[in-house]
Amino acid sequence: MIELAAAFAVAGAASNAVGTAFQRKAASASSRGGLRLLAELARRPFWVIGMCGVVCAALFQSLALVNGPLALVQPLFILELPFALLVAAPLMHRRLPHSGWWGVGACVAGLAVLLVAAAPHGAVDHAPLSRWIPALCLCVGGMAAAVLLSGRGHSPARRAALLAAASATGNALTAALLKSASGTFADHGFAAFLRSWQTYGFALAGVGAVILLENALQAGPLAAAQPALTIGDAVVSLTLGMTLFGERIRTGWWLLPEAAGALLIVGGVLVLSRAVQHIAVVPVAVDERDLAT
């Protein structure tokens, strides 16, 4: 089922990227805020398409986590970043610089090398409470510490990186809880899913991660936030997969290609984060611009 899990994870990353791109497209055409913005966006086709993408992404992620290890599924969501740029650039009438394409290639190649070398395996859907308690304490404690260290007296880059790291931890915890809740649904049905504490846990963790992400993007540059968000999610997910669900990766000499793949991913994310700041605007005809709004 590993291949099926990987396919669902890639589909989830692509769906989330499409959803984010279309939502940003719809929001960029409005100057309203708060509830009035939501009321206006709900009438825009681009926003509706974006929400469908987000819902599909959640469904694909659940299917991926049921069929494969957390250590495989969450790293594949790194592809959301290059997918989002590839979709959003033409949608927002922007042109990705040449360095951005190198970043996309590095992310994809690094992820392929890392996952082929690591070959995550041995996953189960459930973990005893004796494992959940320390995992929850460490994740929530780490998120709280990152938020406290990101006080306003520090530089914007540091604040953005720390808040993004907290959001990444929240994303990984959300995925772990979602994996357990999805396993309960698959094994025992919807009633058991509603009775599971992990169901409400992943909802709370997901909301917290989104709030932290919004604050990270507001606090400082994307070049500081995105690497911490992308790499942090993968690292924490790998740790949770191994400690909670008994997942394993290959070690020994396999650590060399794994490290090489991880370095390629880090380099690609850094390049993409900087390339976003140099995206060129493509001229748009007046009639096309009016149609978009």
Side-chain angles (χ1 to χ4, degrees), residues 1-14 60-61 63-83 99-128 131-132 134-135 138-139 142 161 164-165 168-169 171-176 178-180 183 223 226-275:
M1 306 295 286
I2 293 293
E3 294 81 3
L4 188 60
F8 280 133
V10 173
F60 284 134
Q61 185 180 22
L63 292 171
L65 290 169
V66 167
N67 288 285
L70 185 69
L72 169 71
V73 173
Q74 285 305 105
L76 280 170
F77 269 79
I78 291 174
L79 293 174
E80 181 185 341
L81 177 58
F83 275 142
S99 60
W101 294 105
W102 285 104
V104 170
C107 282
V108 174
L111 190 60
V113 170
L114 174 63
L115 292 180
V116 169
H121 58 281
V124 295
D125 292 332
H126 305 287
R131 294 184 186 177
W132 273 114
L138 288 173
C139 287
T169 304
N171 282 334
L173 180 59
T174 301
L178 177 61
K179 179 177 178 64
S180 184
Q226 190 63 58
L229 181 69
T230 305
I231 306 305
D233 190 352
V235 171
V236 177
S237 295
L238 175 63
T239 304
L240 289 176
M242 296 176 69
T243 56
L244 281 175
F245 304 114
E247 299 172 4
R248 295 291 179 266
I249 61 172
R250 291 192 286 203
T251 56
W253 73 270
W254 288 105
L255 292 173
L256 293 176
E258 289 168 15
L263 288 175
L264 271 175
I265 293 172
V266 172
V269 170
L270 289 172
V271 169
L272 283 175
S273 299
R274 286 168 171 78

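In what follows, residues are counted from 1 in the order of the sequence shown.
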Give a yes or no answer on whether the side chain of [X] reaches the backbone of [Y] with a donor-acceptor pair at less than 3.5 Å.
X	Y	result
Glu247	Ala71	yes
Lys179	His126	no
Arg250	Ala117	yes
Arg248	His121	no
Ser180	Ala176	no

(message) Using a 6.0 Å cut-off, check whether atom CH2 of Trp102 has over 12 heavy atoms from anything other than its own residue.
(response)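 Counting other residues, nucleotides and ligands, CH2 of Trp102 stays at 12 neighbours or fewer.
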Over all heavy atoms of both residues, which pair between [X] and [Y] is shortest? Give the atoms and the distance, please.
X	Y	answer
Pro257	Val113	O-CG1, 3.3 Å
Leu70	Ala175	CD1-CB, 3.7 Å
Ala165	Ala228	N-CB, 4.1 Å
Ala135	Leu240	CB-CD2, 4.0 Å
Phe60	Phe8	CB-O, 3.4 Å
Leu115	Pro120	O-CD, 3.9 Å

For residues 74-81, dump all side-chain donor-acceptor pairs below 3.5 Å to protein atoms at least two apart in sequence or in another chain.
unit_1 : atom_1 : unit_2 : atom_2 : d
Gln74  : OE1    : Gln61  : NE2    : 2.8
Gln74  : NE2    : Asp233 : OD1    : 3.4
Glu80  : OE1    : Asn16  : ND2    : 3.2
Glu80  : OE2    : Asn16  : ND2    : 3.1

Is the shortest side-chain heavy-atom distance between [X] and [Y] below 4.5 Å?
X	Y	value
Ile249	Leu238	yes
Phe83	Val10	yes
Leu229	Asn171	yes

Starting at [atom1] of [X], measure out to [atom2] of [Y] and round the result to the nearest 0.5 Å.
X	Y	atom1	atom2	answer
Thr239	Leu244	OG1	CG	10.0 Å
Cys107	Ile265	SG	CD1	7.0 Å
Ser237	Leu65	OG	CG	9.0 Å
Glu3	Leu72	CD	CG	9.5 Å

